Novice: 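Mind having a look at this structure? Questions to follow.
Because the structure is predicted, anything quoted here is derived from the model rather than measured.
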Amino acid sequence: MAVYAEERGAPTLVEAVPAADPAPLGLAAFALTTFILSGHNATFIPDVIWVGLAMFYGGLTQLLAGMWEFRNRNVFGATAFSTYGGFWLSLGVFVVLAETTSLGSALKGPDVLNSLAWFLLAFAIFNTYMLFWSTRVSVAVFAVFATLEATEILLAIGFFREAHGYSAYITHVGGWVGIATAACAWYASAAGVVNGMSPEKRVLPVGAPLWGRMSVSRRGSRMRRGREVAGGH
């Protein structure tokens with residue numbers, strides 16, 4: 001991420017053209033899909049409807065946002081969006097395979113619940129270090145990762161408990177915390193859209209980084225970066 005224009009040699013035409021910020025799109029895709037699945041976990045939204053969203057909006061759209069963040073040299077955004085795009089795609093595929101194919105018939109008794117618990121626990125490990133590094137982005141982004149961390153841990157505990165015959169109470173609590181996660185992501189997305197439309201002033205506050213600042217601003221500072229690259233310094 002900390003790669004300046006002068007270190008990269010002669011600029012290319014592509015580098016001189018500012019790119020739109022894909023973060024609001026990625027956050028919106030994450031927020032809506034998380035809201036629908038969390039509503040199901042909290043028991044007020046029916047099952048299955050989230051699977052299509054997981055495959056296309058939360059999955060494919062976030063993966064595309066991650067690829068575009070690579071174009072913008074934003075390592076944090078590229079890693080986060082690409083990973084959670086993969087999260088939704090793999091979760092959707094797992095459910096389809098488990099419910100409709102002979103592969104799923106190999107899952108017996110509590111296997112599905114145990115599998116989901118380990119799946120969420122593994123992503124919580126990834127989310128933990130991304131939570132730390134989100135302190136270098138903004139308060140809004142930190143809030144997304146903090147609430148997501150709580151959601152993943154609660155759901156992992158809830159699914160492990162259900163697999164061992166306990167009630168789904170903790171899973172339901174995780175669903176409500178997931179709704180808070182979706183709200184934080186929607187806010188960060190909305191702020192990214194309106195602030196990107198008003199580069200002369202910040203309309204919705206997102207909060208300053210809690211720990212330092214990223215060494216090179218994302219192309220959110222696109223006009224300045226474009227001039228630096230075009231001028232070769």
Novice: Closest approach of A191 and V206, non-hydrogen atoms and distance?
Specialist: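 That would be CB-CG1, 3.6 Å.
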
Novice: Contact between T171 and F159 at the side-chain level, heavy atoms closer than 4.5 Å - yes or no?
Specialist: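 Touching, per the 4.5 Å side-chain cut-off.
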
Novice: Can you tell me if N72 uses its side chain to pair, donor with acceptor, with the backbone of D21 under 3.5 Å?
Specialist: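 Flag not set: sc N72 to bb D21 has no pair under 3.5 Å.
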
Novice: Quick check: does any side chain N or O of T83 sit under 3.5 Å from a backbone N or O of A80, one acting as donor and the other as acceptor?
Specialist: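 Checking the backbone N and O of A80 against the side chain of T83, no donor-acceptor pair under 3.5 Å is found.
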
Novice: Side-chain contact, heavy-atom cut-off 4.5 Å: I157 with Y166?
Specialist: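 The answer is no; the side chains never approach within 4.5 Å.
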
Novice: Can you give me every donor-acceptor pair (side chain of residues 27-41, partner residue at least two apart or in another chain, under 3.5 Å) with its distance?
Specialist:
unit_1, atom_1, unit_2, atom_2, d
T33, OG1, A29, O, 2.8
T33, OG1, G58, N, 3.2
T34, OG1, F30, O, 2.7
S38, OG, T34, O, 2.7
H40, ND1, I45, O, 3.4

Novice: For residues 120-134, dump all side-chain donor-acceptor pairs below 3.5 Å to protein atoms at least two apart in sequence or in another chain.
Specialist:
unit_1, atom_1, unit_2, atom_2, d
N127, OD1, Y84, OH, 2.8
N127, ND2, F145, O, 3.1
N127, ND2, E149, OE1, 2.8
T128, OG1, A124, O, 2.7
T128, OG1, E149, OE2, 2.6
W133, NE1, Y129, O, 3.4
S134, OG, L131, O, 2.6

Novice: Is it the case that one hydrophobic cluster holds both I153 and Y169, taking links as side-chain heavy atoms less than 4.5 Å apart, direct or via other members?
Specialist: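 Yes, one cluster joins them.
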
Novice: Please tell me whether W176 and L116 are part of a single hydrophobic cluster in this structure, the criterion being side-chain heavy atoms less than 4.5 Å apart.
Specialist: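 Same cluster: W176 reaches L116 through Ile, Leu, Val, Met, Phe, Trp or Tyr contacts under 4.5 Å.
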
Novice: Does L204, at its CG atom, have more than 12 non-hydrogen atoms belonging to other residues, nucleotides or ligands within less than 6.0 Å?
Specialist: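 More than 12 within 6.0 Å, yes.
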
Novice: Should the pair F87 and F119 be assigned to parallel (<30°), tilted (30 to 60°) or perpendicular (>60°) ring geometry?
Specialist: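 Taking F119 first and then F87, their aromatic rings sit tilted (interplane angle of 30° to 60°).
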
Novice: Identify whether F56 and V93 are in the same connected component of the hydrophobic contact network (ILVMFWY, side-chain heavy atoms under 4.5 Å).
Specialist: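 Yes, it is one cluster - the side chains of F56 and V93 are joined through contacts under 4.5 Å.
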
Novice: What pairs of residues pass the side-chain hydrogen bond (donor to acceptor under 3.5 Å, both in side chains) test when at least one of them lies in residues 180-189, not counting sequence neighbours?
Specialist: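 Of all non-adjacent pairs touching residues 180-189, those that pass side-chain hydrogen bond (donor to acceptor under 3.5 Å, both in side chains) are T147-T181, T151-T181.
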
Novice: Do you know which two heavy atoms are closest between A208 and V139, and how far apart they sit?
Specialist: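 Answer, listing the atom of A208 first, then V139: O-CG2, 3.5 Å.
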
Novice: Roughly how far, to the nearest 0.5 Å, is CE of M55 from CG of L53?
Specialist: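 L53 CG to M55 CE: 11.5 Å, rounded to 0.5 Å.
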
Novice: Enter the distance from E162:CD to S167:OG here, rounded to the nearest 0.5 Å.
Specialist: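 The OG atom of S167 is 8.0 Å from CD of E162, to the nearest 0.5 Å.
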
Novice: Using side-chain heavy atoms (C-beta onward) and a distance below 4.5 Å, is V95 in contact with V112?
Specialist: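 Side chain of V95 against side chain of V112, heavy atoms only: no contact under 4.5 Å found.
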
Novice: When you look at L63 and F81, which way does the side-chain contact (heavy atoms from CB on, under 4.5 Å) test go after all the steps?
Specialist: CA-CA 6 Å; L63 183 60; F81 289 131; over 6 Å; no

Novice: Let me check something: do V194 and V144 share a hydrophobic cluster, defined by ILVMFWY side-chain heavy atoms less than 4.5 Å apart, either directly or through other members?
Specialist: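 No, it is not one cluster - the side chains of V194 and V144 are not joined through contacts under 4.5 Å.
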
Novice: Measure the CG-CZ distance between L154 and R161 for me, rounded to the nearest 0.5 Å.
Specialist: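 These two atoms lie 11.0 Å from each other.
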
Novice: Any chain of hydrophobic side-chain contacts (each under 4.5 Å) joining Y57 to V96?
Specialist: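 They do share one cluster, since a chain of ILVMFWY contacts under 4.5 Å joins Y57 to V96.
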
Novice: How long is the span from the CZ atom in R71 to the CD atom in E69, to the nearest 0.5 Å?
Specialist: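 Rounded to the nearest 0.5 Å, the CZ-CD separation comes to 11.5 Å.
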
Novice: Other residues, nucleotides and ligands only: do more than 12 of their heavy atoms fall within 6.0 Å of CZ on F44?
Specialist: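 Yes.
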
Novice: Please report the interatomic distance CG(L64) to OG(S82), rounded to the nearest 0.5 Å.
Specialist: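 OG of S82 is found 9.5 Å from CG of L64.
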
Novice: How close do G26 and A65 get, counting heavy atoms only, and between which atoms?
Specialist: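 Looking at all heavy atoms of both residues, the closest pair is CA-CB, 3.8 Å.
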
Novice: Given side-chain contact (heavy atoms from CB on, under 4.5 Å), test V177 with L155 step by step and report yes or no.
Specialist: CA-CA 10 Å; V177 177; L155 289 178; over 6 Å; no

